[in-house]
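Below, all heavy atoms of this structure are taken into account, side chains as well, without hydrogens, waters or symmetry copies. Source: prediction; values computed, not measured.
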Amino acid sequence: MRPNYSKEEKFLIQKDRILSKVIRDNGHIKFSNKKADPFDALVEIIISQFISTQAAKSIKTKILNKFNAKNFKIEDFKNLNVEQTKSLGLSLNKAKSIKAVISWIEALPSLEAFLNLDQGLREKELLKIFGIGPWSVDMFEMFCIRNKDIFSYGDAALRQAMAQLKMVNNSASKVEYEEYATKWSPYKTHACLHLWQMIES
């Protein structure tokens, strides 16, 4: 076993023979413990909805270059209307969703209090935002909250990877996917990172 694997990866190598080979092929994947800025995370998630990782990266880079910024900030979008937001290279619904996120954040009594809510309550809050569904909530937990134990059934690439590896059969139900993923707990997120890496490479 390579010495640079994280404790989470070592755990997964021991727990899942099939995933073990994927991790060994990928090598170590770094996963930050630092919470991300919620607005930046949500805009990135909205951009990524229903498109490839490569397409999402391209749109993200284009928008950040336009704002001459490293991260998405409310003040960059605040004075844009929906049409102007759409003209950044987004669909109408994604533009509406970003504007809805701004309204939602500004209406929160405390962003910090929201981030410290129990996961279930946090998810309920996020689902109130236009354009934010279960997949987006899962991504927020992973990449903003840095929750290490999230599996997203709604992610097509994860389902593709699991079917390709014969973890489940092609006609498997949501329950069967989620049942298989229980063996990765408490590090489901790390398993997802390796499955994505496998698909992308």
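For the pair D40/K73, no side-chain contact is recorded, criterion being any heavy-atom separation below 4.5 Å from C-beta on. You'll find the side chain of I47 reaches within 4.5 Å of the side chain of I63, heavy atoms only. A 4.5 Å side-chain heavy-atom check between I51 and I59 finds at least one atom pair inside the cut-off. Using a 4.5 Å heavy-atom cutoff, the side chains of H190 and L12 are in contact. Here the side chains of L195 and L19 are in contact, with some heavy-atom distance below 4.5 Å. For the pair K62 and L88, the minimum side-chain heavy-atom distance is 4.5 Å or more. In this structure, D25 and M198 have side chains that are not in contact, with every pair of non-hydrogen atoms separated by 4.5 Å or more. The shortest side-chain heavy-atom distance between Q197 and V22 does not fall under the 4.5 Å cut-off.
Around CD of E112, the count of heavy atoms belonging to other residues, nucleotides or ligands within 6.0 Å does not exceed 12. The environment of Q54 atom CD is sparse: at most 12 non-hydrogen atoms of other residues, nucleotides or ligands sit within 6.0 angstrom. Few gaps surround CG on N65; more than 12 heavy atoms of other groups in view lie less than 6.0 Å from it. Around the NZ atom of K21, the shell of radius 6.0 Å holds no more than 12 heavy atoms that belong to other residues, nucleotides or ligands. Under a cut-off of 6.0 angstrom, the local environment of NZ in K66 is sparse, with at most 12 non-hydrogen atoms contributed by other residues, nucleotides or ligands. More than 12 heavy-atom neighbours from other residues, nucleotides or ligands sit within 6.0 angstrom of CG on N81. The number of heavy-atom neighbours closer than 6.0 Å to CZ of F67, taken from other residues, nucleotides and ligands shown, is above 12. More than 12 heavy atoms of other shown residues, nucleotides or ligands fall within 6.0 angstrom of atom CD in E200.
Between R146 and E141 there is no salt bridge, since none of the side-chain N atoms of the basic residue sits less than 4.0 Å from a carboxylate O of the acidic one. Taking 4.0 Å as the cut-off between side-chain N and carboxylate O, R159 and D155 do not count as a salt-bridged pair. Salt-bridge formation is not detected for the pair E9/R24: no Lys NZ or Arg NE/NH1/NH2 atom is positioned less than 4.0 Å from an Asp or Glu carboxylate oxygen.
Donor-acceptor pairing under 3.5 Å is recorded for the side chains of N26 and H194. The closest side-chain donor-acceptor pair between E8 and S6 falls under 3.5 angstrom. A donor atom on one side chain and an acceptor atom on the other are found under 3.5 Å apart for E176 and S173. Judged purely by distance below 3.5 Å, without hydrogens or angles, the side chains of N169 and S171 pair a donor atom with an acceptor atom.
The aromatic rings of F77 and F72 sit tilted relative to each other, their planes meeting at an angle between 30° and 60°.
Listed for the T182 side chain is a donor-acceptor partner under 3.5 Å among the backbone atoms of E179. Not one N or O on the side chain of S97 forms a donor-acceptor pair closer than 3.5 Å with the backbone of K94. Under a 3.5 Å cut-off, the side chain of T189 and the backbone N or O of M142 do not form any donor-acceptor pair. With hydrogens and angles ignored, the 3.5 Å screen pairs a side-chain donor or acceptor of K99 with a backbone N or O of K78. With hydrogens and angles ignored, the 3.5 Å screen pairs a side-chain donor or acceptor of Q49 with a backbone N or O of G131.
Note that the NZ atom of K57 and the OG atom of S48 stand 10.0 Å from one another [nearest 0.5 Å]. For the atom pair K183 NZ and D16 CG, the distance stands at 4.5 Å (nearest 0.5 Å). In this structure, CG in N116 is found 9.5 Å from CG in L111, a value given to the nearest 0.5 Å. Annotation: the span from Q160 atom CD to N170 atom CG amounts to 10.5 Å, rounded to 0.5 Å. Considering OG of S136 and CG of L42, their distance stands at 8.0 Å, rounded to 0.5 Å. Distance CE/M139 to SG/C192: 7.0 Å, rounded to 0.5 Å.
The two atoms that bring A69 and D76 nearest to each other are CB-OD2, 4.2 Å, heavy atoms only. The two residues Y5 and G27 come nearest to each other via the heavy atoms CE2-C, 4.0 Å. Among all heavy-atom pairs drawn from A95 and L90, the shortest one is N-CB, 4.5 Å. Considering every non-hydrogen atom in both S185 and D149, the closest pair reads OG-OD2, 2.8 Å. Residues P134 and L127 come closest through the heavy atom pair N-CD2, 3.8 Å. In plain terms, the two heavy atoms of L126 and F140 that are nearest each other are CD1-CD2, 3.4 Å.
The residue from Y177, W135, Y180 that alone fulfils the ring pair (Phe, Tyr, Trp, His ring centres under 6.0 Å) condition with Y153 is Y177.
In the hydrophobic clustering of ILVMFWY residues, with side-chain heavy atoms under 4.5 Å counting as a link, I129 and V43 come out together. F143 and L115 fall within a single hydrophobic cluster, where Ile, Leu, Val, Met, Phe, Trp and Tyr side chains are chained together by heavy-atom contacts under 4.5 Å. Criterion: ILVMFWY side-chain heavy atoms under 4.5 Å apart, direct or through other members. Under it, L92 and F130 are not part of a common hydrophobic cluster. In terms of hydrophobic clustering, with Ile, Leu, Val, Met, Phe, Trp and Tyr side chains grouped at heavy-atom distances under 4.5 Å, V82 and W104 are assigned to different clusters. Taken together through direct or relayed side-chain contacts under 4.5 Å among Ile, Leu, Val, Met, Phe, Trp and Tyr, F50 and I46 form parts of separate hydrophobic clusters.
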*Evaluate the side-chain contact (heavy atoms from CB on, under 4.5 Å) criterion for residues I145 and I150: first the C-alpha distance (whole Å), next the side-chain angles of each, then the deciding distance (0.1 Å), finally the verdict.*
CA-CA 11 Å; I145 303 299; I150 299 293; over 6 Å; no
Practice problem: Please test F151 against M162 for side-chain contact (heavy atoms from CB on, under 4.5 Å), starting from the C-alpha separation and ending with a verdict. | Solution: CA-CA 12 Å; F151 168 70; M162 290 173 75; 3.6 Å; yes
Exercise. Starting from the C-alpha separation in whole Å, work towards a yes-or-no answer on side-chain contact (heavy atoms from CB on, under 4.5 Å) for E125 and L121.
Key: CA-CA 6 Å; E125 272 299 311; L121 292 172; over 6 Å; no
- request: Could you go through the side-chain contact (heavy atoms from CB on, under 4.5 Å) check for H28 and K30 one step at a time?
  value: CA-CA 6 Å; H28 170 61; K30 191 169 183 265; 4.1 Å; yes
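Cation-pi geometry between K7 and F11 is not satisfied (NZ or CZ under 6.0 Å from the ring centre, within 45° of the ring normal).
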